[in-house]
Each structure stands twice: as structure tokens, then as C-alpha cells.
Amino acid sequence: MSTQKYIRLPPLSSFERLSSECQHNAEKRTGREVAIGCPGSCRASTRVGCTSGYLSTWPAHVTSQVIQQGRRHTSGGEIRNHGCGDEFGGPVGKPRFLEQLESYLKKELQALDPQRPKVQERKLQAYREVFGCFIEDFKTYKPLLCAIKNEYEITLAYLRDQIRELEPLSARLVVVSEQCEKRILGLREEERAEIRALKQERQHLLKVIENMKETQSALQTQVCCLQADLAAQYLMYREECDARKLLIANISSMSYGPDEEPEEEQEEVEMEDPEKEKLALKVCREDLTKAQVELNRLHAEYGDVVPRRDWETLDYTHKENLLKLETLQKDFDQMKAEYDTLLEVHKQVTTQRDSLQGELEGFKEASTPRPEWEQCADVLGGSESWAELSQGQSSQRRLEILLAELGGKTSEFFTGLGTSEDVPIYLRYEGQLKKHRLKKADVVRILKEVWKEKVIEDERRDESSNLPEFLRQHLESQYGEKAGEWAYSLVEGIRQHQKDDPVSLFNDILTGKVDESVYHGQTHLLSNLLKVLIHSDSTESGMLSVQDFRDYLKMAFPLKREQDIDELVTTAQAELDNNGESLPYQRLYTEDADGKHKDFLNLVKKQASTERHMYIAQLRTQLGGKGEVTVADLSAAFKNIDPSQDATTLDWVITMAFQIPQEELEQHTTQMDTELALQRLLAVDVTRAGPAPQQD
């Protein structure tokens, strides 16, 4: 019988050296074979010339006991050990390198703080470092173990990217689920309220029925009492009647004698025989008893019966509630189906988007990028100017046109105009100032920032500041010592993009051609229209029917003519590509990349400007061709054409026309040229407050 012995190996760091020594010792022996196994369950045998033994590393599942190897008898009766010898015998213990790795891993894991974020990644890093040390020391299988480790790292990175990509979709799904849950809870609350109302109505009807039953019972008791009294009175009456008739008969017989009784009296007595009357009375009493029994039976059988009219009312109400419940259930099922459909469509769109994104990336890598010629518009005076120059031209010709146009614009510096009083305050700089070539989007962005900061500053100071002075302060606060460069660059950008309405209006206000109230009037006009539309949207869906949109336009602009309202509705439909369906009105307030409004809002501002000019034209007509006017004349003319104008606004308009403080308005008696006053009024935001007293 053969026996086997497992011998203990040194630490893993000297594993290969031990294998080489075993192989060298085994070569000195004859007919032997030693198989060296790897740690764990893997047993990779290495033929080294030993024929009877296996050399194994320290197994993790074996304790420090020594297992004897089997021995095998040879043909000559000799017992031979099934191993490489006894030089490796003895108790089994952990390798020193394994103990070092376990000690290091235990220390690293104990040093981790579970409360800190990303503790799992730090824990994984500790295991990664231990595994790296193991790979570095295990020279023989290092390539394979490194490949396995790298594959795991690639897979972890790929899964992290997948999780990062799916997080926005998860958030969106949570938002949609919350919205649907809110709508479902709202429907359930409405249903509960209706059921609660029906239950209250049912309780009320039950109380009414109980009261009616009590009233009926009381009335029935009264009827019974009255019937008993009536029977007693009837019995007394019959008895009195019979007694009276008997008394009359006796008196008659006593008066006339037994033989002289009149014939008529005898006939009457015969007709009113007491026995017959008693028999009739008995029959009547029996009939009365039968009627009373029948009445009691009917009362017992139909006492708890609900009146047919009440039953029909309750049945009709119950059917209505069932119909409402079915309708709500159908709406809920439809909403759930739409929600599921949207989820499916979202998944399909996401898949299609990823596919198209991959194709786009492939096309970008494979194709040659074309120049974006539209960027030249910001340098050459706007989109229209560049379109006229490059219409139908080849790429080579466009390049030549661009170089020719930039030939005279190669200067990289501005020359300051100085600090004299005749130079605008925002341009009072000296020396050479670097030129910043601003795009249209940059110019529009700076102008919006200026308007925003100015409105905040005016509200804080409770008075309107001068735009040129504020522009200089704003640029100095934003750019410090380079404020002059940005001021001249901004003015150059404004000059290049004069065709854009926001830029043109800012330039007119900056140069004093138009009063700042025109800008604030336009802003208030557009914001007021949006507030009216949002307030009128009871469903908060952002959609309005064409008729509702027309009605709300009339509400926002009560003084507009019908043709103006029709023009606004037509423009809105054309801009939204609508064919009579609901209008997504909020999309009318979107801006393009250059910050320009679209056709609808431009038409609103254009109509407001036209109405202001018509208003001033009516004022000119009312003045009757006067060459000069006074404060009283202008005030009387305004009151005649616009009686609804309040006194505060009227005083402000007159001060803008005469360019005097409001405190000196009453004492001012000097006349002014009429055309000059009207030109000043055209430069401010003057609007009609109410309908004209007489429509032309």
C-alpha cells in the first residue's frame, strides 16, 4: 500500500529558487519524478526526473499537521517513499510572504474610515496594491496575472462610464415618474373627494328616510287611535239610535193603544226591526275588523319600502358616479399607456442618438472639415453684408474676398480721442489702445450685461443714472486698466452691427438720439404680454388655442385695432409653423444665437413704434399748426386726444418735451417751437392711456 507525504515549502518569494534546487537534486536520482503544484487548487506538474513524489506549496485549507505520504512496495520487496525525500518534512506553516501580504492588507483596511466618501474605491485600491505585489513576486505567472488584472481594470472603467452616462437618464426617469405620481395622486384625491361627498349625501338621505319613517309611525299611531275613537263613537251612536227608536215605538203604542196603532207606524217598525239592525251592525264590525287587519298587514309589509321617487334619484346618482369612475379609470389607463409609450420612444431615441453619434464621429474622422464661412460675418459688418459678398462664390474666391476686405483693417490698435469735454465720457482715453475684435454675440452679451447692471443700480439708488457714465463705470469695474480698449472695441462692434435692433437702440440711447424710456417701454411691453399669456394658461401646459391666443392678445393690448391683432396672430402661426392647432406661446420669446428676437416680437415692437408716431401725429393735429406752444397748450392738447391720461404721466411727458425739472413746470411760461417739442416727444416712450374720444 502506497502512502503520500505533503512537504512544507518556503515563502513564495523563493518559490522558483526552490523549484530549481529540487530539479537539480532530482537529476542526481534515477527513476524519480517531482511535480510542483501552484498555490490553491491549481496543480501544474513539472517533470524534473523524479518518478514517485509531488512537491506542493503551502495549501490554504491545510492546518499545521503533517500528512504522511503513502509508500509503495516494489517488486523486490523494498519499500520506497512516494516523495522527494524527508528533507522537507515537518509541520506545515504559512509562508512569510503571505503573512506579510495579509498583515499589510489588514493594516490598510483598518486605516480606512467608513464615513469618508468613496470608501469602496480606497478598499479596492488596497486589494489592488496587494495583488500587484503578488504579481511582481510571482515571476513565472506574471504575464498572465497582469493580463487578468488589466482586463478587470478595463471592465471597471467601462462600467463606470456606463453608470455616468445612465445617471442623467435615471434622473429624467425619476422626474417623469414623480410627475405621473403627482397626477395620479391628484386624480385619486378628486375621486376621494367625490366619494366622500356621495357618502355624506347618502348619510343625509338615510337620515331623511329615518325621519320620514318616524313621522309615518307617529301618523299611523294617530290613525289607529282615531279609528278606535270612531268605532266607539259609532257604537254609541247606533245604540242611542236604537234606543230612541224603541222609545218612540213604546210611546206610540202607549198613546194609541194596541188596536189603534196607525198603519204607517207599524210599517216603520217592521222596516226598522232591531234584530236586523243588530245583524247589520255585527256585519259592519266584522268588515271593520277585516279592514284593520289588512291595513296592519300592508303596514308590516311595506313599512321599510323606499318611495319610488327617492329610489330613482339614488339610482340615477349611483349610475352617474359609476360613469365618472369609468371615465377616470380610462383616463388613467390611457395616461399610463402614454407614459409607457414615451419610455419606449425615449429608449429608441437614445439608441438612435448613440448610433448617429457614432456615425457622426466616424464621418468627422474620415472627412475633411469645411471652413465655417459664417464666422466672417462678425468681422465684415454683419450677416447681410457677408452674404452679398460671398453669394455663389467658390471657397477660393471667398478667401480672396476676405483678404481684400481685411486689407484695410489690419490695424491692431485704436488711437484715443483724449479727455476733453467734447469727447463722450466713455471714450475719454489717451494713447494707443489694443483692438479686440468682438463678434456679434460678444457685443450683444456685453449690452445685456450693461442693461441688467444698470436696472439693478437704478433700483438701488431709486433714480435713473446716465447711460454713458454708467457704461464707463461698468467697463472700469469689469476690465480695470483695459477699460479703454474694451470701450473702443465695443463702439466699433456697435458700429458694425447697426442693422440689429437691440444694438441700434442701444447706440441711439448712448448718443442721446432716443431716451432710455423707449428701451424700458419695450421691455415692459413684452414682459406684460408674457405675464398675461402665462396667467391665462390655466392648464400650465404652455399651449393655447388660436382663439384663446387672440382673446389674450386683445386683453394685453386693449387699444389695438382688429387688423393689428389679426396680423400678430398670423405672424405667430407662421413663426411656429402652426395650422390652426394649439400654439406653444413660450417659443415666441426664444432668441437666436445673436440675441435677436424673432418675427412676432419684432412685429409687436414695430406696432408699438407706429402707434407712438400716430399718437404724436394726432397731437400735432390737435395743436392746429401753432408755431410755438406753452405748457398749458401742450397739456390741453394731450387731454383732448387722451382724456384717460393720468396727471403724473402727463407732467413727466411735458417735462421731457420742455426739458425742465418737474418742480418748475407750473411757473414755466416760456413758449417753445412746436416741432422741437414734438421731436423730443418722439424720442421718449409716449403711449396712449385710453381710447380716443372720437375714432377716425
>> Set out, in order, the CA-CA distance, both residues' side-chain angles and the distance that settles side-chain contact (heavy atoms from CB on, under 4.5 Å) for Leu145 and Phe134, then state yes or no.
In response: CA-CA 9 Å; Leu145 295 177; Phe134 180 76; 3.9 Å; yes
>> What verdict does the salt bridge (charged side-chain N to carboxylate O under 4.0 Å, His left out) test give for Lys336 and Asp333, after you've listed the backbone C-alpha separation in whole Å, the side-chain angles of each residue and the deciding distance to 0.1 Å?
In response: CA-CA 5 Å; Lys336 187 175 183 301; Asp333 295 339; over 6 Å; no
>> Is it the case that over 12 heavy atoms from other parts of the model lie below 6.0 angstrom from the CZ atom of Arg183?
In response: no
> Closest approach of Arg192 and Glu189, non-hydrogen atoms and distance?
Replying inline: NH1-OE2, 3.0 Å
>> Within the structure provided, determine whether His346 and Leu169 are in side-chain contact (heavy-atom separation under 4.5 Å).
In response: yes
> Are a donor atom and an acceptor atom from the side chains of Gln100 and Tyr104 found within less than 3.5 Å of each other?
Replying inline: no
> Considering the options Glu361, Arg353, Glu359, which one meets the side chain to side chain donor-acceptor pair (under 3.5 Å) requirement together with Gln357?
Replying inline: Glu361
>> With a sphere of 6.0 Å drawn around CZ of Arg160, does it hold more than 12 non-hydrogen atoms of other residues, nucleotides or ligands?
In response: yes
> Which heavy-atom pair separates Arg587 from Glu575 by the least distance, and what is that distance?
Replying inline: O-OE2, 4.2 Å
> Do you know the tightest heavy-atom contact between Val443 and Gly493?
Replying inline: CG2-CA, 4.0 Å
> Can you tell me if OH on Tyr479 sees more than 12 non-hydrogen neighbours from other groups inside 6.0 Å?
Replying inline: yes
> Does the side chain of Leu576 come within less than 4.5 Å of Tyr585's, by heavy atoms?
Replying inline: no
> Can you tell me if CZ on Arg172 sees more than 12 non-hydrogen neighbours from other groups inside 6.0 Å?
Replying inline: no
> Side-chain contact, heavy-atom cut-off 4.5 Å: His474 with Gln478?
Replying inline: yes
> If every non-hydrogen atom of Met335 is compared with every non-hydrogen atom of Leu187, which pair is closest and at what distance?
Replying inline: CE-CD1, 4.4 Å
> Does a side-chain N-to-carboxylate-O contact under 4.0 Å join Arg445 and Glu449?
Replying inline: yes
> Should Glu457 and Arg460 count as an ion pair when the cut-off is N to O under 4.0 Å?
Replying inline: yes
>> Ignoring hydrogens, what is the shortest heavy-atom contact between Asp458 and Ser465? Give both atom names and the distance.
In response: OD1-OG, 3.0 Å
>> Within a 6.0 Å radius of atom CD on Glu481, are there more than 12 heavy atoms belonging to other residues, nucleotides or ligands?
In response: no
>> Less than 4.5 Å apart, side chain to side chain, heavy atoms only: is that true for Val174 and Glu178?
In response: yes
>> Arg96 vs Glu99, test: salt bridge (charged side-chain N to carboxylate O under 4.0 Å, His left out). Steps then yes/no.
In response: CA-CA 5 Å; Arg96 182 179 301 172; Glu99 292 179 352; over 6 Å; no
>> Do Leu526 and Leu530 have side chains that approach each other closer than 4.5 Å (heavy atoms only, starting at C-beta)?
In response: no
>> I'd like to check the side chain to side chain donor-acceptor pair (under 3.5 Å) partners of Arg461; sequence neighbours left out, ordered by chain and number.
In response: Glu463
>> Over 60° means perpendicular and under 30° means parallel, so tell me whether His436 and Trp486 are parallel, tilted or perpendicular.
In response: parallel
> Checking Arg472 against Tyr429: charged group under 6.0 Å from the ring centre and within 45 degrees of the axis?
Replying inline: yes
>> So which atom in Leu427 and which in Tyr488 form the shortest heavy-atom distance, rounded to 0.1 Å?
In response: O-OH, 2.7 Å
